[in-house]
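Every chain is numbered from 1 and lettered A, B, ... according to where its sequence line falls, protein lines coming before strand lines.
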Amino acid sequence: MAFQAARGMRDVLPEEIPIWERLESVARVLAGRFGYREIRPPLLEDTKLFIRSVGEVTDIVEKEMFTLEKGDGSLTLRPEGTAGIARAYLEAGYQHKAPLQRLFTIGPMFRYERPQKGRERQFTQFDVECLGSLDPRLDAELVDLAARFFEELGLEQVEVRINSMGDGADRDQYRDAVRMFLLPHMAERCDLCRSRFERNVLRVLDCKNETCRELNRDAPRLIDCLTPDNRGHFEAVQSALTAIGRKAQVDPGIVRGLDYYTRTVFELHAPALGARSALCGGGRYDHLLRDLGGPDLGAVGFAIGFSGTLVVLEQLGLSAKVSPKLLDVYAIAADESAREAVWKLASELRSAGFATVYDVEQKSLKAQMKQAGGGAYRFALVLGERELAENSVQVKHLATGRQQGVVRANLVSVLRTMLLEGA
RNA sequence: GUGGGUGUAGCUCAGUUGGUUAGAGCACGAGGUUGUGGUCCUCGGGGUCGCGGGUUCGAGUCCCGUCACUCACCCCA
């Protein structure tokens, strides 16, 4: 093949569209039920927006951005959705007219990474953000919304893990405390821990290695470092979840990679998937709007990746439940003389609202029947000399094999009735 | 970015220590059935063996490079 899709980019073929539409529809309906409105920011933003919001020393900014230099400006394909939405919020002036905004978007994001199963360079996210408030119920609301998304798709036992990263002083203090705690025993730890110690100290606490976990046992607890305010907020999030029957386990290992996160961070996991079980990640980012030049208003959000979701549905055998869409009619010419009549009939049926297709490959009657019976159509309509002579059409219901002659003038109403009855 | 694995027909795969015209199942086409799909039977069309180079009398098979996919890391949706 002379050309293939660029690395990490893939086509969503017609066969896969039904499952994608299902994801999008579940996302839209659910977001709507929670009062979230769709927003569609551009795919390209000023590169500096991402550097400012995501953080200069993150993997995303350091090596994963698709950047275009055009004229004297630098644009980058969005590696995540939050920055663009926050920018759009401020540009639209919501901070003045209606600061509390529940927003969502569904669309492609781009990261220059090594592709893997469920991880592509272009990937689709369902991104939900609530800007303009610090209310802990919103943190819980988003956890609930994210969990319901997966439950709606048929996943049972979605696990919620939450943590708080503090906010400013307590966050730095906790980080220092962890660093001081780890320092004396770093030599005994694994390579990964040593690299994380440099890059993102808190992730050392998430090491799966047996001896490292042992060393982590007496690590300082975040809850002890949080300011009374932040501790109160964290507890309020948890009780808001409890109040609606959502179980959430506190997991000190959850540390979002992006700079803008504050206070609540959370992940959703599907235990059925084993080690790589993360379905969704999100959290609060209370100073992002301020950092982008707006007022210091709170905000919280999450993102769900569709590629990963599809992998999960596949592994749990849930994707087969999405049935392909059928076309209504395949119109067949029983002999050459009927081809023109079939062409006119197809046009008529399309006007009447039926999804209709006919043969353009000069196939034999048998081959046309085979085409009709291939599983993509509900009815085969047969027109030949006989039908033309008596002004009728043979209507065959392909699933049952039942066939009847229908007077041409009644065809539309008969078809309509049969489709309504699901016959 | 690091380290493994894989790449043969539209799809899933077989192909012996290197040896003649590279095979199967499914799918596709024609016929059995002169106006009828799904079952069955017969026949048939389909291949730059991912791409490029090398070793050899001879390469799908061995070597090197490259691209893609994939798995485990890093990181994350």
Visitor: Establish, yes or no, whether the cationic atom of A:R121 lies under 6.0 Å from the six-membered ring centre of A:Y112 and within 45° of the ring axis.
Guide: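 Positive - A:R121 is close enough to the ring of A:Y112 and near enough to its axis.
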Visitor: Compare all side-chain heavy atoms of A:V414 with those of A:V395 and state whether any distance is below 4.5 angstrom.
Guide: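 Counting from C-beta outward, A:V414 and A:V395 never come under 4.5 Å.
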Visitor: Once you round it to whole Å, what is the distance between C1' of B:rC75 and CD of A:E120?
Guide: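 Whole-Å distance recorded here is 16 Å.
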Visitor: Searching all strands shown, indicate the nucleotide that pairs with B:rA30 (Watson-Crick or G-U wobble; both distances under 3.5 Å).
Guide: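 Because both required distances fall under 3.5 Å, B:rA30 counts as paired with B:rU42.
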Visitor: NA contact type, A:E267, heavy-atom cut-off 4.0 Å: base, sugar-phosphate, or nothing?
Guide: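 A:E267: no heavy atom of the nucleic acid under 4.0 Å.
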Visitor: Separation of A:R194 atom CZ from B:rC74 atom P, in whole Å?
Guide: 14 Å
Visitor: Has A:T47 got a side-chain atom pairing as donor or acceptor with A:S74's backbone, closer than 3.5 angstrom?
Guide: yes
Visitor: Give me the one residue out of A:E390, A:E387, A:E348 that meets salt bridge (Lys or Arg N to Asp or Glu O under 4.0 Å) with A:R408.
Guide: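 Going through the options one by one, the only one that passes is A:E348.
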Visitor: Between B:rC26 and B:rG38, how far apart are the P atoms? Round to whole Å, please.
Guide: 14 Å
Visitor: Pairing check on B:rA59: which nucleotide meets the Watson-Crick or G-U wobble criteria with it, both distances under 3.5 Å?
Guide: none
Visitor: Taking only the C1' atom of each, what is the distance from B:rC62 to B:rU16 in whole angstrom?
Guide: 16 Å
Visitor: Under 3.5 Å for both donor-acceptor distances, Watson-Crick or wobble: does B:rG7 have a partner, and if so which one?
Guide: B:rC67
Visitor: Which whole number of Å gives the distance between the C1' atom of B:rU20 and that of B:rG29?
Guide: 30 Å
Visitor: Paired with B:rA77 by Watson-Crick or G-U wobble geometry, both distances under 3.5 Å: which nucleotide is it?
Guide: none
Visitor: Is there a Watson-Crick or G-U wobble partner for B:rG37 with both distances under 3.5 Å, and which nucleotide is it?
Guide: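 When the pairing criteria are applied, nothing turns out to pair with B:rG37, so the answer is none.
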Visitor: Quick one: sort the A:F104 and A:F126 rings into parallel, tilted or perpendicular, breaks at 30° and 60°.
Guide: perpendicular
Visitor: When the nearest nucleotide of RNA chain B is assigned to A:A367 and to A:R121 on a heavy-atom basis, which residue is associated with the more 5' position?
Guide: A:A367
Visitor: Between B:rG23 and B:rG47, how far apart are the two C1' atoms, rounded to whole Å?
Guide: 11 Å
Visitor: Taking N or O atoms only and anything under 3.5 Å, show me the protein contacts with nucleotides 9-11 of chain B, one pair per line.
Guide:
none

Visitor: Identify whether any heavy atom of A:G81 sits under 4.0 Å from a base atom; if not, whether one sits that close to sugar-phosphate; answer base, sugar-phosphate or nothing.
Guide: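 Since no nucleic acid heavy atom lies under 4.0 Å of A:G81, the category is nothing.
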Visitor: What is the distance, to the nearest angstrom, from the NZ atom on A:K363 to the C1' atom on B:rG29?
Guide: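 Distance check: A:K363 NZ to B:rG29 C1' gives 9 Å.
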Visitor: Just by protein heavy atoms under 4.0 Å, how would nucleotides 31-37 of chain B read 5' to 3' in B, S and -?
Guide: -B--BBB
Visitor: Taking the P atom of each, how far is B:rA59 from B:rG53, in whole Å?
Guide: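 Pairwise P distance, B:rA59 against B:rG53, rounds to 13 Å.
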Visitor: A:D328 side chain to A:R378 main-chain N or O, any donor-acceptor pair under 3.5 Å?
Guide: no
Visitor: Hunt down the Watson-Crick or G-U wobble partner of B:rU21, both distances under 3.5 Å, from any strand shown, or write none.
Guide: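 Its partner is none (no Watson-Crick or G-U wobble pair with both distances under 3.5 Å).
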Visitor: In whole Å, measure the gap between the P atoms of B:rG32 and B:rA22 for me.
Guide: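 Between the two P atoms, the distance is 33 Å.
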Visitor: Is A:R203 close enough to B:rC74 that one of its side-chain N or O atoms is under 4.0 Å from OP1 or OP2 there?
Guide: no
Visitor: Kindly point out which of B:rC76, B:rA77, B:rA68 is positioned nearest to the side chain of A:Q125?
Guide: B:rA77
Visitor: Classify the ring geometry of A:F266 against A:F302: parallel below 30°, tilted from 30° to 60°, perpendicular beyond 60°.
Guide: perpendicular
Visitor: Got a sec, which residues hit side-chain hydrogen bond (donor to acceptor under 3.5 Å, both in side chains) with A:R37, two or more places apart in sequence or on another chain?
Guide: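 Scan of A:R37 (side-chain hydrogen bond (donor to acceptor under 3.5 Å, both in side chains), adjacent residues dropped) gives A:Q101.
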Visitor: According to the Watson-Crick and G-U wobble definitions, with both distances under 3.5 Å, which nucleotide is paired to B:rU48?
Guide: none
Visitor: Heavy-atom count around A:R137 CZ within 6.0 Å, excluding the residue itself: above 12?
Guide: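 Open: at most 12 neighbouring heavy atoms sit under 6.0 Å from CZ of A:R137.
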Visitor: With sequence neighbours excluded, give me every salt bridge (charged side-chain N to carboxylate O under 4.0 Å, His left out) pair touching residues 43-53 of chain A.
Guide: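 Residue pairs with at least one partner in residues 43-53 of chain A: A:E45-A:R87.
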Visitor: Measuring only the C1' atom in each nucleotide, how far is B:rA30 from B:rU12? A whole number of Å is fine.
Guide: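 After rounding to an integer number of Å, I get 25 Å for this pair.
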Visitor: Using the test ring-ring contact (aromatic ring centres under 6.0 Å, His included), find all partners of A:Y36 that sit at least two apart in sequence or belong to another chain.
Guide: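 A:Y36 satisfies ring-ring contact (aromatic ring centres under 6.0 Å, His included) with no residue once adjacent residues are dropped.
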Visitor: Grab the N/O contacts between the protein and nucleotides 1-3 of chain B below 3.5 Å, and write none if there aren't any.
Guide:
| from | atom 1 | to | atom 2 | distance (Å) |
| --- | --- | --- | --- | --- |
| B:rU2 | O4 | A:R114 | NH1 | 2.9 |
| B:rG3 | O6 | A:R114 | NH2 | 3.1 |

Visitor: How are the rings of A:Y89 and A:Y94 set relative to one another: parallel (under 30°), tilted (30 to 60°) or perpendicular (over 60°)?
Guide: tilted
Visitor: So, A:F306 and B:rA77: ring centres less than 5.5 Å apart, planes less than 30° off, yes or no?
Guide: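 Ring-base stacking flag not set for A:F306 and B:rA77.
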Visitor: Considering only the P atoms, how many Å lie between B:rU36 and B:rU21, rounded to the nearest integer?
Guide: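 To the nearest whole Å, 45 Å.
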Visitor: Less than 6.0 Å separating the ring centroids of A:H287 and A:Y260?
Guide: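 No; A:Y260 has its ring centre 6.0 Å or more from that of A:H287.
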